[in-house]
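By convention in this document, chain letters (A, B, ...) are assigned in the order of the sequence lines, proteins followed by strands, and residues within each chain are numbered from 1. Nothing here was measured: the structure is a model prediction, and the numbers come from that model.
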Amino acid sequence: MQTLESLLSGAVAQAVQAVFNKTIDPASVVFQQTNPQFEGDTTLVVFPYAKAAGKNPEEAGKMLGEYLQAHIADVESFNVVKGFLNLVISNRFWMANFIEASQNESFGTVAPTPESPLVVVEYSSPNTNKPLHLGHVRNNLLGYAVGALLQAAGNHVKLVNLVNDRGIHICKSMLAWQKLGNGETPESSGMKGDKLVGKYYVEFDKHYKAEIAALLANGKTQDEAEKQAPMMTEAQEMLRQWEAGNPEVKALWEKMNAWVYAGFESTYKAMGVRFDKFYYESQTYLLGKSIVEEGLQSGVLQKRTDGAVILNLTAEKLDQKVLLRSDGTSVYMTQDLGTAVERRKEFPFQKHIYVVGNEQEHHFKVLKIALAKLGHAWADGLHHLSYGMVELPEGKMKSREGTVVDADDLIASMEAEAFALIEEKGIDKDMATAEKEKLAHQIGMAALKYFLLKVDPKKKMMFNPKESIDLQGNTGPFIQYTVVRIRNIWRKSGLTALPAFPATVTVHPKEKELLKLLDQFPAVIQNAAANYSPAVMAMYCYDLAKTFNQFYDLHDVLHETNQDMQHFRMVLIKRVANAIEMGMAMLGIEMPERM
RNA sequence: GGUUCCGUAGCUCAGUUGGAUAGAGCAGCUGCCUUCUAAGCAGCCGGUCGGGGGUUCGAAUCCCUCCGGAGCCGCCA
């Protein structure tokens, strides 16, 4: 299979040499999409070459076009508009690629070999003191999709989750439950475990605030009140007890964490994400100290006069970073250093992706530099996939103000909306309720996932809870609908295998558009993976679906009387469905049989 | 104070390393179901690409500056 670029870039370099007597690097030759209002399949911008040759662009374009047409059989014709050389590529070229691709069920993906790089993707990484919300949903969907894209692009991928199961925040929930819970359990309350624990986290905050108010009324300063409030001092004491291994505290911690995990598991299942391995901070938070000690020995790190161990990053314009407190205890960074080193021993990765919000950009920048300075060359392969926050019309989600969009609620509302639409469309006549619910889940999740993944991960995005997510237009369900249309045609055709057709079959313009789009699929996978951007794949699938629907409106498949043409179309639409299915699967989105 | 990112149609977003008359969806208005599922297709409406300079044959894209918004710079996580 030959790509358009490989066909042309060398030839352009030759043409420039032959026509203008200038030497250029074939790799520097770039093509762009031809403006739809002109004829052509690809376009060369000739300004740079015209300038070098001292010709006017129009004339230079004509000379290059003539050379290419004479020397490359698949360059059928050309036209020059201003400085743009539009090349028309023969149907033979597109058809040959198409036929080759249609033989291969997994066309576009690259199967990893034993030599392929190993990439670890760490994502989700929730705290165990409250339920998952919309921000976590974006994180989870991104992490899963990026993993799938990297895999499709030919990497070995491990998906891991580092659960933050310890610390003061968990102790807050534990303390509030102990004081106010009256032994309430998920069973007794009928609440999901993570919701129950989250409820006590809120309770803690409520009581803590009340205590602060009381202390302020007694003349304490804000700072004193916050530090002296009994809820806080008791939570801190509980954390000390936890670290000291107090059996009662540990038992409570294990009990409540187990509730949370059961809750998370059901949310993960609904989202369709998975992990190859879970890590828990309770088991990793002490890592890293020895690394800091070594760094001190080797002189990379310094001990400050107050006893704290620091990494001096003033040369990088980043200040200094404390890695061990003056009392010898570790900070978050210490733990992350240790975790990274251990992780690398366990999985000798070429790349390690951290899917974490952009508020931690500074942290990961420092982490990478610190590891490199400590002599770990592999630190170069660490990458912070820094995604933007999901914002509401009134700004950031704030748990204290009750504006947090709960993940389970959101999923349920999407399913309900899809369910209502299924009934409204009346496609549910012969469907059992369970089947309808499954379909509603598929459609609702497609809408939600596509909504969150179609936006460039790096950018912050807006979600308005008052307006439900669309099911029409540039959406997941629209793309699903496209595949369902194709499956429907195939079902009715009665065919089970790809029919044969001659490569010389007539190709209409809309069909050629589809051939060209399908030809891009492998490059889209590579592009999306290289940029860690599911949005690239989402847009491609939309383009393909949109173009198919235009084709569907223009041309009939089942009623086409010319058999060669019908067979070609059957294969064409099969390939369209196949590419969309694969691409959407990389986004974690399923395609239903009917809708 | 230092630093990073963002500002494109009423709303949500695309716009490859600078390239042709800046594109989609939603919302609004028109058409198209006796023909493979209308969650579709076609059309209309909608823009001083935050403002102003500069570089360039060419700028939404690069540089400077101003305005507006967000993040980070902790012996928190």
> When you measure from the side-chain N and O atoms of A:K82 to the phosphate of B:U21, is any distance below 4.0 Å, counting only OP1 and OP2?
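A:K82 to B:U21 OP1/OP2: side-chain N or O found under 4.0 Å.
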> Check every strand shown and say whether A:I168 touches a base, only sugar-phosphate, or nothing at a heavy-atom separation below 4.0 Å.
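It contacts nothing in the nucleic acid.
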> B:C5 C1' sits how many Å from A:K365 NZ, rounded?
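In whole Å, B:C5 C1' lies 11 Å from A:K365 NZ.
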> Would you classify A:V45 as touching base, sugar-phosphate or nothing, given that sugar-phosphate means primed atoms plus P, OP1 and OP2, and contacts are heavy atoms under 4.0 Å?
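Base: the residue A:V45, judged by heavy atoms under 4.0 Å, touches a nucleobase.
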> Can you measure A:K458 atom NZ to B:C6 atom P for me and round it to whole angstrom units?
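From A:K458 NZ to B:C6 P: 9 Å.
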> Measure the spacing between CD of A:E226 and OH of A:Y208 and express it to the nearest 0.5 Å.
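Answer rounded to 0.5 Å: 5.0 Å.
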> If you take all heavy atoms of A:P126 and A:F264, which pair is closest and at what distance?
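That would be CG-CE1, 3.5 Å.
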> Could you measure between the two C1' atoms, the one in B:C45 and the one in B:A27, and give it in whole Å?
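Going atom to atom, C1' in each nucleotide, I get 12 Å.
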> Under 4.0 Å, heavy atoms only, any strand: does A:I310 hit a base, just the sugar-phosphate, or nothing?
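Nothing, no heavy atom under 4.0 Å.
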> From B:G25, B:C75, B:A20, pick the nucleotide closest to the side chain of A:N86?
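In terms of side-chain proximity for A:N86, the closest of B:G25, B:C75, B:A20 is B:A20.
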> Can you name the nearest heavy-atom pair linking A:Q566 to A:L558, along with the distance?
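A:Q566 and A:L558 have their closest heavy atoms at NE2-O, 3.0 Å.
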> Using a 4.0 Å cut-off on heavy atoms, which residues in residues 332-340 of chain A reach RNA chain B? List them by number, or say none.
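A:Y332 - these, ordered by number, are the residues of the stretch whose heavy atoms sit under 4.0 Å from the strand.
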> Taking atom types as modelled and ignoring hydrogens, do the side chains of A:S282 and A:D165 form a donor-acceptor contact shorter than 3.5 angstrom?
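Their side chains do contain a donor-acceptor pair, which is all the 3.5 Å distance test asks for.
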> Closest-nucleotide mapping onto RNA chain B: is A:L421 or A:H169 further toward the 5' terminus? I mean the 5' end.
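So the residue in question is A:L421.
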> Paired stems touching RNA chain B, three or more consecutive Watson-Crick or G-U pairs with both distances under 3.5 Å?
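RNA chain B forms these stems: B:1-7 with B:67-73, B:10-13 with B:23-26, B:28-32 with B:40-44, B:50-54 with B:62-66.
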> Is a donor-acceptor pair below 3.5 Å formed from side chain A:T43 to base B:A20, judging by atom type as modelled?
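Present.
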> Tell me whether the side-chain N/O atoms of A:R491 come closer than 4.0 Å to OP1 or OP2 in B:C36.
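Looking at the OP1 and OP2 atoms of B:C36, neither is under 4.0 Å from any side-chain N or O of A:R491.
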> Starting at atom CE of A:M414, determine the distance to atom C1' of B:A39, rounded to an integer number of angstrom.
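Rounded to the whole Å, the gap is 13 Å.
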> Over all strands shown, is A:M539 touching base, sugar-phosphate only, or nothing at heavy-atom distances under 4.0 angstrom?
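If one applies the 4.0 Å heavy-atom cut-off, A:M539 turns out to touch the sugar-phosphate alone, with no base involved.
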> For B:G43 versus B:G71, give the span between their P atoms, rounded off to a whole number of Å.
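Roughly 43 Å separates the two P atoms.
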> For A:Y387 and B:C6, give me the distance from atom OH to atom C1', rounded to whole Å.
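One finds 18 Å between C1' of B:C6 and OH of A:Y387, rounded.
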> When the P atoms of B:U61 and B:G18 are considered, how many whole Å apart are they?
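It works out to 11 Å between them.
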> Whole Å only: how far is the CG atom of A:L323 from the P atom of B:A77?
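Rounded to whole Å, this separation is 12 Å.
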> Looking at residues at least two apart in the chain, or sitting in another chain, which of them share a side-chain contact (heavy atoms from CB on, under 4.5 Å) with A:D41?
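Applying side-chain contact (heavy atoms from CB on, under 4.5 Å) to A:D41 gives A:V88, A:I89, A:W94, A:K512, A:K516.
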> What contact category does A:N527 fall into here, base, sugar-phosphate, or nothing, at under 4.0 angstrom with non-hydrogen atoms?
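No contact.
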> Scan for salt bridge (Lys or Arg N to Asp or Glu O under 4.0 Å) pairs involving residues 556-567 of chain A, sequence neighbours excluded, and state none if there are none.
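For residues 556-567 of chain A: A:E560-A:R569.
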> If we count only N and O atoms by modelled type, under 3.5 Å, do the side chains of A:N56 and A:E58 hold a donor and an acceptor together?
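Per modelled atom types, A:N56 and A:E58 side chains form no pair under 3.5 Å.
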> I'd like to know if A:E513 pairs up with A:K510 as an ion pair, taking the criterion as any Lys NZ or Arg NE/NH1/NH2 lying under 4.0 Å from an Asp or Glu carboxylate oxygen.
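Yes.
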> Could you list all N or O pairs between the protein and nucleotides 41-46 of chain B that sit under 3.5 Å apart?
unit_1, atom_1, unit_2, atom_2, d
B:C41, O2', A:D553, OD2, 2.9
B:A42, OP1, A:Q550, NE2, 2.8

> Less than 4.0 Å between a side-chain N and a carboxylate O, is that true for A:D327 and A:R325?
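Result for this pair is no, no salt bridge flagged.
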> Rounded to the nearest Å, what distance is computed from the CG atom of residue A:N35 to the C1' atom of nucleotide B:G23?
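One finds 11 Å between C1' of B:G23 and CG of A:N35, rounded.
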> For nucleotides 8-12 of chain B, which of its nitrogen or oxygen atoms have a protein nitrogen or oxygen under 3.5 Å away, and what is each distance?
none

> Parallel, tilted or perpendicular, judged at 30° and 60°: which one describes the rings of A:F364 and A:Y354?
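Ring orientation of A:F364 relative to A:Y354: tilted.
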> Please enumerate all protein N or O atoms sitting under 3.5 Å from an N or O of nucleotides 54-61 of chain B, with distances to 0.1 Å.
none

> Can you find a pair of side-chain heavy atoms, one from A:Q320 and one from A:Q302, that are under 4.5 Å apart?
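Counting from C-beta outward, A:Q320 and A:Q302 never come under 4.5 Å.
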> What is the distance, to the nearest angstrom, from the CG atom on A:D165 to the C1' atom on B:A77?
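Rounded to the whole Å, the gap is 13 Å.
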> If you look only at pairs with a residue in residues 307-338 of chain A, which of them pass as a ring-ring contact (aromatic ring centres under 6.0 Å, His included), with sequence neighbours excluded?
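Every pair satisfying ring-ring contact (aromatic ring centres under 6.0 Å, His included) with a residue in residues 307-338 of chain A: A:Y332-A:H363.
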> Is it true that A:K62 and A:E59 have a side-chain N and a carboxylate O under 4.0 angstrom from each other?
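No.
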> Just how far, in rounded Å, is P of B:G23 from CD of A:Q33?
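Nearest whole value for this atom pair: 13 Å.
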> Before giving the answer on side chain to side chain donor-acceptor pair (under 3.5 Å), spell out for A:N164 and A:S125 the whole-Å C-alpha distance, their side-chain angles and the decisive distance to 0.1 Å.
CA-CA 7 Å; A:N164 186 358; A:S125 305; over 6 Å; no
> Can a side-chain donor-acceptor contact be found between A:T128 and A:N257 if the only test is distance below 3.5 angstrom?
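The criterion, which ignores hydrogens and geometry beyond distance, is satisfied for A:T128 and A:N257.
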> Using the aromatic ring of A:Y552 (for Trp, its six-membered ring), decide whether it stacks on the base of B:G40 within the limits of 5.5 Å and 30°.
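Aromatic stack with B:G40 absent for A:Y552.
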> Which pairs, protein N/O on one side and nucleotides 68-74 of chain B N/O on the other, fall under 3.5 Å?
none

> List in chain and number order the residues that pass side-chain contact (heavy atoms from CB on, under 4.5 Å) with A:P393, two or more places apart in sequence or in another chain; answer none if no residue qualifies.
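By the side-chain contact (heavy atoms from CB on, under 4.5 Å) rule, A:P393 matches A:M462, A:N464, A:P465.
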> Would you measure the distance from the P atom in B:A24 across to the matching atom in B:G31 and give it in whole Å?
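So the two P atoms sit 22 Å from each other.
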> With salt bridge (charged side-chain N to carboxylate O under 4.0 Å, His left out) as the criterion, how do A:E122 and A:R343 come out once you've worked through the C-alpha distance, each side chain's angles and the decisive distance to 0.1 Å?
CA-CA 11 Å; A:E122 183 186 291; A:R343 182 83 49 81; 3.0 Å; yes
> From C-beta outward on A:D456, which listed nucleotide comes closest to its side chain: B:A14, B:C36, B:A24?
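The closest nucleotide is B:A14.
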> What residue pairs, at least two apart or across chains, pass salt bridge (Lys or Arg N to Asp or Glu O under 4.0 Å) with a residue in residues 480-493 of chain A?
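Sorted result for residues 480-493 of chain A: A:R487-A:E581, A:R487-A:E593, A:R491-A:E593.
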> Looking at the side chain of A:L471, which of B:A39, B:C75, B:C36 is the nearest nucleotide?
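In terms of side-chain proximity for A:L471, the closest of B:A39, B:C75, B:C36 is B:A39.
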> Which nucleotide in the list B:C36, B:U17, B:A39 gets nearest to the side chain of A:D556?
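Nearest to the side chain of A:D556 among the choices is B:C36.
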> Checking understanding here: a glycosidic angle within 90° of 0 is syn, the rest anti, so what is B:C44?
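It is anti.
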> Please enumerate all residues that pass ring-ring contact (aromatic ring centres under 6.0 Å, His included) together with A:Y279, with sequence neighbours excluded.
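A:Y279: no ring-ring contact (aromatic ring centres under 6.0 Å, His included) contacts found.
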> On the 0 to 90° scale, with breaks at 30° and 60°, tag the A:F551-A:F548 ring pair as parallel, tilted or perpendicular.
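Rings of A:F551 and A:F548: tilted, as their planes differ by 30° to 60°.
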> Using the P atoms only, state how far B:G19 lies from B:C62, rounded to an integer number of Å.
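Taking atom P in both B:C62 and B:G19, they lie 10 Å apart.
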> Between A:S533 and A:D456, does any side-chain donor sit less than 3.5 Å from a side-chain acceptor?
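No, because no side-chain N or O of A:S533 sits under 3.5 Å from a partner of the opposite role on A:D456.
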